[in-house]
Each structure stands twice: as structure tokens, then as C-alpha cells.
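Working notes, beginning with the structure itself.
Note that the structure is predicted; figures quoted are calculated from it, not measured.
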Amino acid sequence: MTKKDSECVERVRKYLEQQNRPYSVNDIFLNLHKELGKTAVQKALDQLTAEGSVHEKTYGKQKVYVFSQEQFPPLDEKQLKEMDSQVAELTTSLREKERQLGEAETHLKALTATPTTQEAQDRVEKTEEEVCRLQQKLNDLTENRVLVSKEEQDSVRKESEGMTRQWRKRRRLALDMLDAILEGYPHPKVHLYEEIGVETDQDAGVVLPKA
């Protein structure tokens, strides 16, 4: 046997010993990054099998090779219990990491769905502008002393009720967005309102009509 053949045999033997799991010739050839020829790998396996270092098993048309377990030192009961304990600890740790990962993914999705501070500020500003416009229109209608017909009064009342519903809806939307931002905001609500310039109904001197 040449030196190159001996090195090939030793490398295949060490690989099977370190991995300690069954592999086919092609698996070993690929896992060793094709640094050894497939024919050389097969010859090495044949020799290791003949020596008893490796066991060969046939599954259908495919042969697999596994390092002989007899070559490993026997484990005593204490070692086995220690290994079982380590496996249990690692399993518990893995489950905890998976739980943390799930929470992080959920939090990330929530943050992704939450509007940015600028988007929330723009929506709040538009809502406040609409509220002021509706309030001014309501004030103008209230102060108007010109007699109007019942039909006109009904039309105005209907429009006012519709606008009020929109006001209430958009106000609730703005508050929901702000509450979503506050879940991850490190300061009190007042601080957030001041930072993004939110003007509340109270600040604007308006009161949402009762339903």
C-alpha cells in the first residue's frame, strides 16, 4: 500500500469515527469536499471493513458504512446518567430559545405593522384638521339665525351626524395608533404627544358630541 493510500484510509477512518453515523460512499466523498477520489474512498472502506474497523450494511441497492462501536471505550452507568442529564438540559435550553424566538418574531411583526412616528403624526394632524373644520362648520350652523326649512334642517342634521361619526371614527383610529406606539415607547403619553406635536380635543378646545 502506498503512502497516499494509507493516508486516504486513515482520513476515512477518522471521519467515520468522529461522525459516528452511517454514510454511503457518495456521502463520504461529498462530505470530504471531493478531496479524495470516490474510487479511493471505496478502496479505503473496503480495507477498513476487512480490518473490522468499519461495518458494512446493505439497504436495497445501497451500501452504508459505520464505525465499529466495539472500538469505543465502554461507558459506565455514571457517564450515561451524566449524558442523559446533559441531553435533558440542552433540550430544555432549546425549548426556551425557541420560545424566545417565537416572542421576538411576534414582537417584530407587531412593530412592522405599527405605523412610524411620522405616519402617525401625519394622520393625527389630518384628523385634527378635519375635527376643527367640522367644529367650525357646526359653530357657523349654530350661530346662523336665518330661518331654514325643515328639509334643510334635516339635511344639515344628517350631514352633521355623519361628520360626527367620521370624527369619532378617526379620533378612535388616531388614539389606537398612538396606543400602539406607546406600547414600545419608553416615556409617558404626554411626552409622546409633545414630541410628535399631537393636539388633543382639549388642546383644540373642542368636545366630541355625544352619540
Do Ile181 and Leu192 touch side chain to side chain, with heavy atoms closer than 4.5 Å? yes
Do Glu51 and Gln47 meet the criterion of a side-chain donor-acceptor pair at a distance under 3.5 Å? yes
Steps toward salt bridge (charged side-chain N to carboxylate O under 4.0 Å, His left out) verdict (Glu98, Arg95): CA-CA 5 Å; Glu98 290 175 340; Arg95 289 174 180 171; over 6 Å; no
Does the pair Glu103 and Arg99 meet the rule for a salt bridge (charged side-chain N to carboxylate O under 4.0 Å, His left out), with working shown? CA-CA 6 Å; Glu103 291 180 352; Arg99 184 189 66 78; 2.4 Å; yes
Thr200 versus Glu128, closest heavy-atom pair with distance: CA-OE2, 4.0 Å
Contact check, side chains of Leu36 and Arg11, non-hydrogen atoms, under 4.5 Å: yes
Kindly give the heavy-atom pair with the smallest separation between Ala40 and Cys8, and that separation in Å. O-SG, 3.6 Å
Side-chain contact test, heavy atoms from C-beta onward, threshold under 4.5 Å: evaluate it for Glu17 versus Gln71 and give yes or no. no
Assess the side chains of Tyr65 and Gln42: does a donor N or O sit below 3.5 Å from an acceptor N or O? yes
So do Leu182 and Asp179 actually touch side chain to side chain, heavy atoms under 4.5 Å? yes
When you check the side-chain N and O atoms of Asp27 and Ser24, is any donor under 3.5 Å from an acceptor? yes
Look only at the side chain of Ser93 and the backbone of Glu89, and say whether a donor-acceptor pair between them is shorter than 3.5 Å. no
Would you give the length of the straight line joining atom NZ of Lys43 to atom OG1 of Thr39, rounded to the nearest 0.5 angstrom? 7.0 Å
Report the residues that fulfil salt bridge (charged side-chain N to carboxylate O under 4.0 Å, His left out) with Asp5, sequence neighbours left out, ordered by chain and then residue number. none
Side-chain (Thr164) to main-chain (Ser160) donor-acceptor, under 3.5 angstrom: yes
Measuring only between side-chain heavy atoms, which start at C-beta, is Leu30 closer than 4.5 Å to Asn26? yes
Please assess Gln118 against Asp122 for the test side chain to side chain contact (heavy atoms under 4.5 Å, CB included), listing each intermediate value before the final yes or no. CA-CA 6 Å; Gln118 185 60 50; Asp122 292 342; 2.9 Å; yes
Can you find a heavy atom in the side chain of Thr58 that is under 4.5 Å from one in the side chain of Val64? no
What closest approach, in Å, do Ser68 and Gly52 show between heavy atoms, and which atom pair accounts for it? CB-O, 3.4 Å
Any side-chain heavy atom of Val124 within less than 4.5 Å of one from Ile196? no
May I ask you to test the Val66-Val54 pair for a side-chain heavy-atom distance under 4.5 Å? no
Could you go through Lys81 and Asp84, starting from their C-alpha distance and side-chain angles, then the distance that decides it, and tell me whether this counts as salt bridge (charged side-chain N to carboxylate O under 4.0 Å, His left out)? CA-CA 5 Å; Lys81 289 181 180 179; Asp84 288 340; over 6 Å; no
Strictly distance-based, threshold 3.5 Å: is any side-chain N or O of Thr49 a donor or acceptor partner for the main-chain N or O of Leu45? yes
Under the criterion salt bridge (charged side-chain N to carboxylate O under 4.0 Å, His left out), I'd like the reasoning laid out for Lys126 against Glu130: C-alpha separation, chi angles, the key distance, then a yes or no. CA-CA 6 Å; Lys126 290 180 180 180; Glu130 181 69 8; over 6 Å; no
I'd like to know if the side chain of Gln69 reaches the main chain of Phe67, judged simply by a donor and an acceptor atom lying under 3.5 Å from each other, with no hydrogens or angles considered. yes
Testing Arg123, Glu125, Glu119 one by one against Gln121 for a side chain to side chain donor-acceptor pair (under 3.5 Å), which residue passes? Glu125
Same cluster (ILVMFWY, side-chain, under 4.5 Å), Ile28 and Val9: yes
I need the Leu173 CG to Gln166 CD distance, nearest 0.5 Å. 11.0 Å
Inter- and intrachain pairs under side chain to side chain donor-acceptor pair (under 3.5 Å), touching residues 180-197, at least two apart: Tyr185-His191, Tyr185-Glu195
Under the criterion side chain to side chain contact (heavy atoms under 4.5 Å, CB included), I'd like the reasoning laid out for Lys38 against Val25: C-alpha separation, chi angles, the key distance, then a yes or no. CA-CA 7 Å; Lys38 187 181 290 186; Val25 175; 3.7 Å; yes
Cationic N near anionic O, under 4.0 Å, Glu10 to Arg13: yes
Quick one: pull up CD in Glu105 and CD in Gln100 and give me the separation to the nearest 0.5 Å. 12.5 Å
